[in-house]
Amino acid sequence: MNQKINTVQIWMQKLSLFALTFLLLNIPAFSQDSTTTTEAPVKAKPVKNTFESIWIIDNQTVMVPIKGTFEMDILHRFGIIKNGYSDLAGLFAPSNIRLGFEYVPINNLMLGFSITKANMTWEGYAKYAILKQTKGKYPVSVTYFGDVSVDSRDKDNFIHSSDRLMYFNQLIIARKITENFSLQLAPSHTHVNVVDGDYDSGKLLGSMNHNHFALGVSGRYRIKSAMAVIVNYDQPLTQHRKNNPQPNLSLGIEFTTSSHAFQIFLGNYNSITPQRNNYFNKNDFSDFQQYLIGFNITRLFNF
C-alpha cells in the first residue's frame, strides 16, 4: 500500500513540475515591428478574468478585486464520506465552517479577517498583486498572500500565548493561457510556533519541523460563460521526521455572476485555514473514503 501511495505521489510531483515548466516557458516571443506608422501605439492592458474568484477550492488565486470592493465569504466543509448512508456521505457529520470578510482599500491590495470553527481560529491576511499578465510586458500574473492565524481556544490548551500563532506565506504565479483555460502555481511556507516533540539543548529531536514548504497547482477551464471546471493539487515538499501531511487533490464546478461565485467540490482537505491544511492534513488522498464534499460562496459589494 505504501509503495502504491509513493508511486502516486511521485507522479503528482512530476505533474506539478510539468505544470511549472508549461506555465513559465509558454511565453510568446515578441518582435519589434519595424513598420513606420503615424498612429499612437495602443497601450497594452492586463488580461481580465484569469480567475473569477479570490478562491479556487482551498487556495487563494492571483485575483485582487478592484479598489473599493467589500467581500463576504462562506466556506463549508462536510465530514468525510466513508460512513456512507449513516451520515449521508458526511453531509450530516460534524462540519467545518469559515466566515471571511475582505476589503480593497487601494488598487492591488486586499485586506481581510476571518473566523473558522475548527479551534475557533481567527485569521488576519493580506494579498497584493505584484504583476498582472500583460501582452508584450508580463507573461504571468504574480500575487503575494500572507496570513496569520490565532487559535482562540481556552488558555488551558497552551503553555505560552505565542503557541496560538501560525503563519502562512505564499507566492501565486498564474497565466491565462487561453480565453477558457487558466493555470496557477503557488509555492508556500508555513511556520508553526509549537510542535510536539523532544528537545535536547534547544534542538528538536523528534516529530515535525517548525517550518513546512509546499506547492499548489490549480487550474480552471470555462465550459460555459458562467460555469467552469476547477481542480487543485497541493504537494508537501518538506519531509518531517514523522507525521508527514498528506497531499490534497480536489475537483469541482464553479458558477459565477458579476457579484457572486459558488464552488462545489470533492477533496481531502478539511481545515480551511491554509496553515492547518498544509501542515496537519491527515486525510489520505489515495483513499476515496477520506474525501469530503465542500463549497465556497463569495459575495462582492462595490462602493
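Quick caveat, the model's predicted, so the values are computed rather than measured.
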Modelled atom types, side-chain donor and acceptor of N169 and Y144, under 3.5 Å: yes
H212 versus H240, side-chain donor and acceptor atoms under 3.5 Å: yes
Working for side chain to side chain donor-acceptor pair (under 3.5 Å), residues T121 and D151: CA-CA 5 Å; T121 303; D151 185 330; 5.3 Å; no
Cluster overlap Y103 with F301, hydrophobic side-chain contacts below 4.5 Å: yes
S53 side chain vs W55 backbone, donor-acceptor pair below 3.5 Å: yes
Side-chain (Q184) to main-chain (Q60) donor-acceptor, under 3.5 angstrom: yes
Polar side chain donor-acceptor pair, R276 to N281, under 3.5 angstrom: no
Polar side-chain atom of N268 near backbone of P247 as donor-acceptor pair, under 3.5 Å: yes
Donor-acceptor contact below 3.5 Å, side chain N157 vs main chain D154: yes
Distance, nearest 0.5 Å, that separates CD1 of I272 from OG1 of T116: 5.5 Å
Salt bridge D58-R77, side-chain N to carboxylate O under 4.0 Å: yes
Under-4.0 Å salt bridge between E123 and R98: yes
Test side chain to side chain contact (heavy atoms under 4.5 Å, CB included) applied to R175 and Q133, step by step: CA-CA 7 Å; R175 179 173 173 83; Q133 181 182 341; 3.8 Å; yes
Pair R299 + E71, salt bridge at N-O below 4.0 Å: no
Flag for D163-N193: side-chain donor and acceptor within less than 3.5 Å: no
Ring geometry between F295 and F262 (parallel below 30°, tilted from 30 to 60°, perpendicular above 60°): tilted
Any donor-acceptor N/O pair, Q275 side chain to M166 backbone, under 3.5 Å: yes
Neighbour count >12 (heavy atoms, 6.0 Å) for atom CZ, F101: yes
Under 3.5 Å donor-acceptor, N49 side chain and E52 backbone: no
Whether K132 side chain and K48 backbone form a donor-acceptor pair below 3.5 Å: no
Between Y291 and Q289, a side-chain donor and acceptor under 3.5 Å: no
